[in-house]
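Note that these values count all heavy atoms, side chains included, but never hydrogens, waters or copies made by symmetry. Throughout, a chain's letter reflects where its sequence line sits, starting with A, and its residues are numbered from 1.
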2 protein chains.
Amino acid sequence: MTERKPRKDATRNRDVVFAAADALFANDSGAEEVTMADIAAAAGVGKGTLFRAFGDRTGLIRALYAARLEPLNSAVETGDPPLGPGTPPRERISALLDAMLCFKLDNRHLALALEQGSANSPYGTANYEDWHLLIRELLGDRPAADFTAHALLAAVRADLVEYLTDVRGLSRAELREQLSAFADSVL
Amino acid sequence: MTERKPRKDATRNRDVVFAAADALFANDSGAEEVTMADIAAAAGVGKGTLFRAFGDRTGLIRALYAARLEPLNSAVETGDPPLGPGTPPRERISALLDAMLCFKLDNRHLALALEQGSANSPYGTANYEDWHLLIRELLGDRPAADFTAHALLAAVRADLVEYLTDVRGLSRAELREQLSAFADSVL
DNA sequence: CGAAGATACGGACCGCCGGTCCGTTTTGCA
DNA sequence: TGCAAAACGGACCGGCGGTCCGTATCTTCG
């Protein structure tokens with residue numbers, strides 16, 4: 001009974017806002033240059049609408065990130081190998097890390113905005129715990145499995161990825177290659 | 001000839017500001033809650049003095065961080081084993097990571113403030129490149145040595161350390177233990 | 001179908017914070 | 001002791017995240 005379906009304009013605006021925010025973030029200028037007012041203007045809505053719908057800036061970024069990550073998440077939960085269940089652990093971990101890396105590469109600015117947002121880091125995002133738990137279980141009972149899972153995830157953090165590509169000039173292929181070799185050496 | 005020694009009050013104020021900022025950051029309330037005005041007030045100087053001396057907020061944090069890190073840095077460059085030169089590579093890497101972890105634990109709030117500061121991350125800090133280069137060379141010519149060095153450093157990032165201690169409740173000893181085991185498995 | 005209640009809208013408004021400016025004070029040198 | 005250079009400090013500014021409330025839109029029910 002505590003559920004009331006939202007009005008139609010509300011959900012429509014939600015989509016519009018996502019699209020606008022996505023475009024602004026993607027538009028290679030720095031991540032945190034984009035203000036809430038910018039997003040509101042680009043979406044053609046009032047600032048109040050943004051805050052009512054998402055609570056605060058962090059909420060908006062988190063919602064957008066979750067929406068973009070969703071396909072990958074469901075591919076992992078109920079998809080075909082090598083991402084989905086039923087893949088041998090070692091192989092699946094490699095696939096997960098590679099997929100995560102590609103996601104960060106493709107959504108660099110968004111991921112950066114999320115991971116830099118003051119007081120959150122990746123830790124505290126809903127799905128972080130899921131990813132960690134999954135990898136940790138795939139690692140089996142090796143020593144320090146828990147920490148190893150964290151370390152593997154830390155190896156694909158958005159700001160590291162950005163640094164390696166934008167500052168160090170690594171190509172996508174090189175990065176994937178190195179990550180893969182590193183993962184192999186850990187497993 | 002482009003060198004002019006600074007006035008005495010300037011250097012004195014610099015120290016006072018360091019002490020005040022350190023105290024405020026350490027005082028467990030969140031890292032980014034501390035404003036420049038707070039620091040100025042605590043140090044008993046005007047806000048202008050802060051900005052003249054350090055340029056901007058990031059500059060102040062970087063300077064403070066560098067000052068606190070300096071002992072560790074020189075212990076690494078010209079110290080006794082296991083941190084200093086002349087230690088076998090594997091062993092030295094473990095020692096370096098452990099030392100870094102302990103440093104992050106002891107200077108948690110400061111390190112957090114630095115690594116979260118918008119648009120910098122750890123990458124872009126002067127000493128990051130040094131640490132990376134050192135570890136990379138200690139790794140020898142194994143595959144993906146470069147990326148591996150980055151990944152090892154990512155495993156001791158301040159926000160991960162904070163998450164593991166404050167949220168997951170790991171003790172200092174447990175953390176060091178796990179990091180050590182992880183490092184062993186990589187080497 | 002029409003009206004009333006509920007829900008969402010939007011932009012003026014607020015408080016705070018990083019950063020600047022410039023009149024005043026301190027320092028160092030001769 | 002006098003004077004220029006350097007540093008000081010706090011009033012001030014612009015912009016941003018977030019709030020508020022009068023208005024517009026939807027939905028439901030008679």
Side-chain angles (χ1 to χ4, degrees), chain A residues 1-21 24-25 29-65 109-110 112-114 116-120, chain B residues 1-21 24-25 29-65 109-110 112-114 116-120:
Chain A
M1 290 299 102
T2 57
E3 283 300 306
R4 284 188 89 71
K5 68 179 176 186
R7 252 168 53 174
K8 204 193 299 187
D9 50 351
T11 62
R12 182 175 41 76
N13 273 339
R14 199 182 151 89
D15 295 344
V16 175
V17 167
F18 272 168
L24 287 181
F25 281 134
S29 55
E32 303 294 280
E33 307 304 306
V34 182
T35 75
M36 291 290 120
D38 289 340
I39 297 175
V45 303
K47 243 179 27 159
T49 304
L50 255 58
F51 286 95
R52 199 168 336 95
F54 302 102
D56 59 10
R57 183 190 169 84
T58 301
L60 166 54
I61 294 175
R62 281 226 263 257
L64 179 53
Y65 186 84
H109 299 93
L110 173 57
L112 260 182
L114 175 71
Q116 284 183 1
S118 43
N120 34 8
Chain B
M1 291 305 99
T2 58
E3 284 301 306
R4 284 188 88 73
K5 68 178 174 183
R7 253 168 54 172
K8 203 192 299 186
D9 50 352
T11 63
R12 182 175 42 75
N13 273 339
R14 198 183 152 89
D15 294 345
V16 175
V17 167
F18 272 169
L24 287 181
F25 281 134
S29 55
E32 304 293 281
E33 305 305 306
V34 182
T35 75
M36 290 290 118
D38 289 340
I39 297 175
V45 303
K47 242 179 25 158
T49 304
L50 255 57
F51 286 96
R52 198 169 335 95
F54 301 102
D56 58 11
R57 183 190 169 85
T58 300
L60 166 54
I61 294 174
R62 282 228 262 257
L64 180 52
Y65 186 84
H109 299 94
L110 173 57
L112 260 182
L114 175 70
Q116 283 183 2
S118 42
N120 34 10

Contact pattern, 5' to 3', of nucleotides 15-23 of chain D - B, S or - by protein heavy atom under 4.0 Å: -SBBB----
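Per the geometry, CZ belonging to B:Arg12 stands 10 Å off P belonging to C:dG28, to the nearest Å. When the P atom of C:dG28 is taken as reference, atom NZ of B:Lys5 falls 8 Å away, rounded to whole Å. At whole-Å resolution of the value, CD1 in B:Ile39 and P in D:dG10 are 16 Å apart. Going from atom CZ of A:Arg14 over to atom P of C:dC9 covers 12 Å, rounded to whole Å. Between B:Leu60 atom CG and C:dC17 atom P the separation is 16 Å, expressed in whole Å.
In terms of phosphate contacts, B:Thr49 brings a side-chain nitrogen or oxygen within less than 4.0 Å of OP1 or OP2 of D:dG9. Within the 4.0 Å cut-off from OP1 or OP2 of C:dA8, not a single side-chain nitrogen or oxygen of A:Asn13 is found.
Using a 4.5 Å cut-off on side-chain heavy atoms (C-beta onward), B:Arg12 and B:Asp9 make contact. Residues B:Met36 and B:Asp56 have side chains not in contact (no heavy-atom distance under 4.5 Å, counting atoms from C-beta outward). Counting heavy atoms from C-beta on, the side chains of A:Arg57 and A:Glu32 come closer than 4.5 Å.
From A:Phe54, atom CZ reaches atom CD1 of A:Ile39 across 9.5 Å, with rounding to the nearest 0.5 Å. Atom-to-atom distance recorded for A:Leu24:CG and A:Leu110:CG is 12.0 Å, nearest 0.5 angstrom. Between B:Leu60 atom CG and B:Phe51 atom CZ the span is 9.0 Å, to the nearest 0.5 Å.
Judged by distance alone with a 3.5 Å cut-off, a donor-acceptor contact links the side chain of B:Arg7 to the base of D:dA6.
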